[in-house]
There are 2 protein chains.
Amino acid sequence: MPKVGMEPVRRQQLIDATLESVAELGLQATTINSISKRAGLSSGIISHYFGGKQGLIEATVRYLLNSLKYSLLDKTYGGCSAEQRLMYIVEANFAMVQQQSNTTRTWLSFWAQSMHDNELHRLQHVNSRRLQSNLAVSLAAFMPRAEAKEAAELAAGMIDGLWLRAVLSKADHHAFHHSETLAKRYIQSLIKQFGG
Amino acid sequence: MPKVGMEPVRRQQLIDATLESVAELGLQATTINSISKRAGLSSGIISHYFGGKQGLIEATVRYLLNSLKYSLLDKTYGGCSAEQRLMYIVEANFAMVQQQSNTTRTWLSFWAQSMHDNELHRLQHVNSRRLQSNLAVSLAAFMPRAEAKEAAELAAGMIDGLWLRAVLSKADHHAFHHSETLAKRYIQSLIKQFGG
DNA sequence: TTTTATTAATTGACCGTTCAATTAAAATAA
DNA sequence: TTATTTTAATTGAACGGTCAATTAATAAAA
């Protein structure tokens with residue numbers, strides 16, 4: 001059965017299967033069987049590649065966070081205006097909807113779990129700070145640094161809050177897009193307060 | 001062993017123990033044993049009073065939602081200005097911090113679970129709509145109804161978002177209070193935009 | 001042959017639920 | 001009052017099921 005050099009392929013297969021399972025059943029009901037079955041592999045393979053269920057969960061979160069990180073880097077590659085970059089930040093944070101398998105509820109599961117898992121909390125914290133930092137850098141083009149910092153705090157809250165409420169209400173694609181638009185408009189109003 | 005009329009006492013004991021267990025271990029790791037042990041009762045009693053673990057979980061969420069609802073009703077009892085009521089709404093939604101046992105992370109657990117549990121989702125949805133509706137009613141004192149509705153959507157997002165980010169970062173009491181202040185200031189800025 | 005990749009079977013721990021047995025309070029009868 | 005019966009409250013052991021992890025076996029590649 002074994003071909004050589006399967007490791008990266010199998011790892012991604014298992015991460016994808018984990019995303020599917022968590023989206024469908026929730027983190028609570030996701031087991032190594034529900035994952036391996038979706039991946040078309042045996043359950044033992046999880047321990048082989050990730051050391052256990054916990055390792056696979058954490059690798060999956062790292063994969064999600066990297067996807068978010070690089071989707072923003074891709075959009076801003078080659079440079080853009082500060083305002084355009086702010087809109088890209090909002091888009092990136094709302095984009096996880098149309099991704100394969102409802103990734104949105106998966107984020108929620110991981111966040112809740114991060115309250116009781118140190119490694120998950122570390123990852124979540126890095127991500128949360130990155131959003132705020134990205135916003136602060138771009139907002140600094142329109143206002144003094146101190147004001148930009150506080151505006152970034154508000155903007156990050158608005159983005160996460162509108163996103164959360166859309167997820168929790170099981171919003172359809174249209175309602176989700178509406179929330180994205182509100183978040184963008186709010187950031188533009190922050191800029192205008194400083195004559196941007 | 002039994003005195004008569006124990007039912008309401010036992011129900012509350014079990015609900016309190018559930019809050020403690022979920023706050024400490026997470027919903028994932030909370031079992032009928034972790035609950036009944038904390039309550040100082042046997043595991044069987046859960047099925048006797050709540051029909052099973054699921055019933056107890058749902059009763060606990062209903063208890064939390066009612067606490068939130070009545071804490072606002074108490075504050076506004078006897079009437080107050082529209083602006084004061086808006087501040088009370090923010091306070092009520094941030095107040096769950098200093099409650100006994102960290103109720104904040106418990107809310108997070110239940111929200112995540114509501115993505116995969118119909119009854120929990122129903123309860124969450126009612127609560128989410130109530131926040132937005134409460135905000136819209138009070139904001140309508142300062143602006144036309146249509147604008148109040150959209151402002152309420154933004155305000156609800158800001159409250160939930162700032163609250164979420166404070167919880168996820170395991171903020172201390174001080175940082176939590178800072179987020180509460182930001183939310184209040186934002187709502188006041190919404191009012192000022194209409195010359196309130 | 002040795003190494004790498006993978007499976008399938010097994011293990012032991014733990015889950016929620018059920019239910020027969022037990023206890024003590026309350027109600028009734030003497 | 002005292003004795004007896006009934007009922008509400010509660011326990012905890014037993015059960016069937018499922019979990020993550022481990023192990024040994026297997027198959028292909030080097």
Side-chain angles (χ1 to χ4, degrees), chain A residues 1-61 106 109-110 112-113 116-120, chain B residues 1-22 24-61 109-110 112-113 116-120:
Chain A
M1 293 154 195
K3 265 181 286 192
V4 98
M6 281 286 94
E7 180 163 339
V9 177
R10 294 290 178 249
R11 290 180 77 97
Q12 192 57 49
Q13 272 184 313
L14 289 168
I15 286 172
D16 289 341
T18 304
L19 288 173
E20 282 175 36
S21 176
V22 176
E24 205 170 315
L25 310 173
L27 189 54
Q28 176 116 275
T30 287
T31 68
I32 55 170
N33 276 315
S34 74
I35 295 169
S36 57
K37 199 168 182 179
R38 262 157 252 258
L41 298 166
S42 80
S43 65
I45 205 76
I46 289 174
S47 289
H48 181 249
Y49 281 124
F50 294 96
K53 186 193 182 186
Q54 182 73 1
L56 174 53
I57 297 291
E58 285 169 11
T60 304
V61 173
T106 306
S109 282
F110 290 145
Q113 189 62 17
H116 309 279
D117 179 320
N118 284 337
E119 175 63 7
L120 250 46
Chain B
M1 296 154 195
K3 267 181 287 192
V4 100
M6 280 287 97
E7 179 162 342
V9 177
R10 293 290 178 247
R11 290 180 77 97
Q12 192 57 48
Q13 271 185 313
L14 289 168
I15 285 172
D16 289 341
T18 304
L19 287 173
E20 281 174 36
S21 176
V22 175
E24 204 169 317
L25 311 173
L27 189 55
Q28 177 115 278
T30 287
T31 68
I32 55 167
N33 278 315
S34 75
I35 296 170
S36 56
K37 199 168 182 180
R38 261 158 251 258
L41 298 166
S42 80
S43 63
I45 205 77
I46 290 174
S47 289
H48 180 251
Y49 281 124
F50 294 96
K53 186 191 180 186
Q54 181 73 3
L56 174 53
I57 298 292
E58 285 168 11
T60 303
V61 173
S109 281
F110 290 145
Q113 189 61 17
H116 310 280
D117 178 320
N118 285 337
E119 176 63 6
L120 249 45

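Convention: sequence-line order gives letters A, B, ...; per-chain numbering from 1.
Protein atom CD1 of A/Ile46 is 11 Å distant from nucleotide atom P of C/dT7, rounded to whole Å. Between the NZ atom of B/Lys37 and the C1' atom of C/dC15 there is a distance of 16 Å, given to the nearest Å. Residue B/Phe50 contributes atom CZ, which lies 16 Å from atom P of C/dG16 at whole-angstrom precision. Taking atom CD1 on A/Ile32 and atom P on D/dT22, their separation rounds to 10 Å, with Å as the unit. Distance B/Ile57 CD1 to C/dT17 P: 10 Å, rounded to the nearest Å. A straight line from CG of A/Leu56 to P of D/dA21 spans 10 Å, rounded to a whole angstrom. If you take CD of B/Gln28 and P of C/dC15, they are 12 Å apart, rounded to a whole angstrom. If you take NZ of B/Lys53 and C1' of C/dT17, they are 12 Å apart, rounded to a whole angstrom.
Checking C/dA8, C/dC15, D/dA9 against every side-chain atom of B/Thr31, the shortest atom distance belongs to C/dC15. In this structure, of D/dA9, D/dG12, D/dA21, it is D/dA21 that holds the atom nearest to the side chain of A/Ser47.
Atom-to-atom distance recorded for B/Asp16:CG and B/Arg38:CZ is 12.5 Å, nearest 0.5 angstrom.
Residue whose closest nucleotide on DNA chain D sits further toward the 5' end, between A/Gly44 and A/Ala29: A/Ala29.
Between the side chains of A/Ser21 and A/Ser34, at least one donor N or O sits under 3.5 Å from an acceptor N or O.
In this structure the side chain of A/Thr60 reaches within 4.5 angstrom of the side chain of A/Phe110, judged on heavy atoms.
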